[in-house]
Amino acid sequence: MVRHVDEPIEVRPQEGAMPGTEATTGVPGQFLWRGRLYQVREVIDSWQEQRAWWRDALAVVPTAGAAAQGRQVWRVVAS
């Protein structure tokens, strides 16, 4: 089952990962969602979603920070 969840999720990094190695940088190990802890069993895919820059064109104060660049999305198998 695939779900697109558009709400905050606390992500914890993969344990035992060697810091700075490309294969493990930013890989989720667990996440807390709706008060329940899930263990990531497999990472299926990941990608960067770009923000809707055209929405800022008419904004009085442009969006700033990491959210302005977009967000990292992970498709995982979890239990």
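Count residues from 1 along the sequence.
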Cut-off 3.5 Å, no hydrogens considered: what does the side-chain donor-acceptor table look like for residues 40-49, sequence neighbours left out?
| unit_1 | atom_1 | unit_2 | atom_2 | d |
| --- | --- | --- | --- | --- |
| Arg41 | NE | Ser79 | OG | 2.9 |
| Arg41 | NH2 | Ser79 | OG | 3.3 |
| Glu49 | OE1 | Arg71 | NE | 3.1 |
| Glu49 | OE1 | Arg71 | NH2 | 3.2 |

So Phe31 and Tyr38, would you call those rings parallel, tilted or perpendicular, with 30° and 60° as cut-offs? parallel
Going only through I, L, V, M, F, W and Y residues with side-chain contacts under 4.5 Å, is there a path from Ile9 to Leu37? no
Can you find a heavy atom in the side chain of Gln30 that is under 4.5 Å from one in the side chain of Val11? no
Supply the atom-to-atom distance Glu7 CD to Trp33 CH2, rounded to the nearest 0.5 angstrom. 6.0 Å
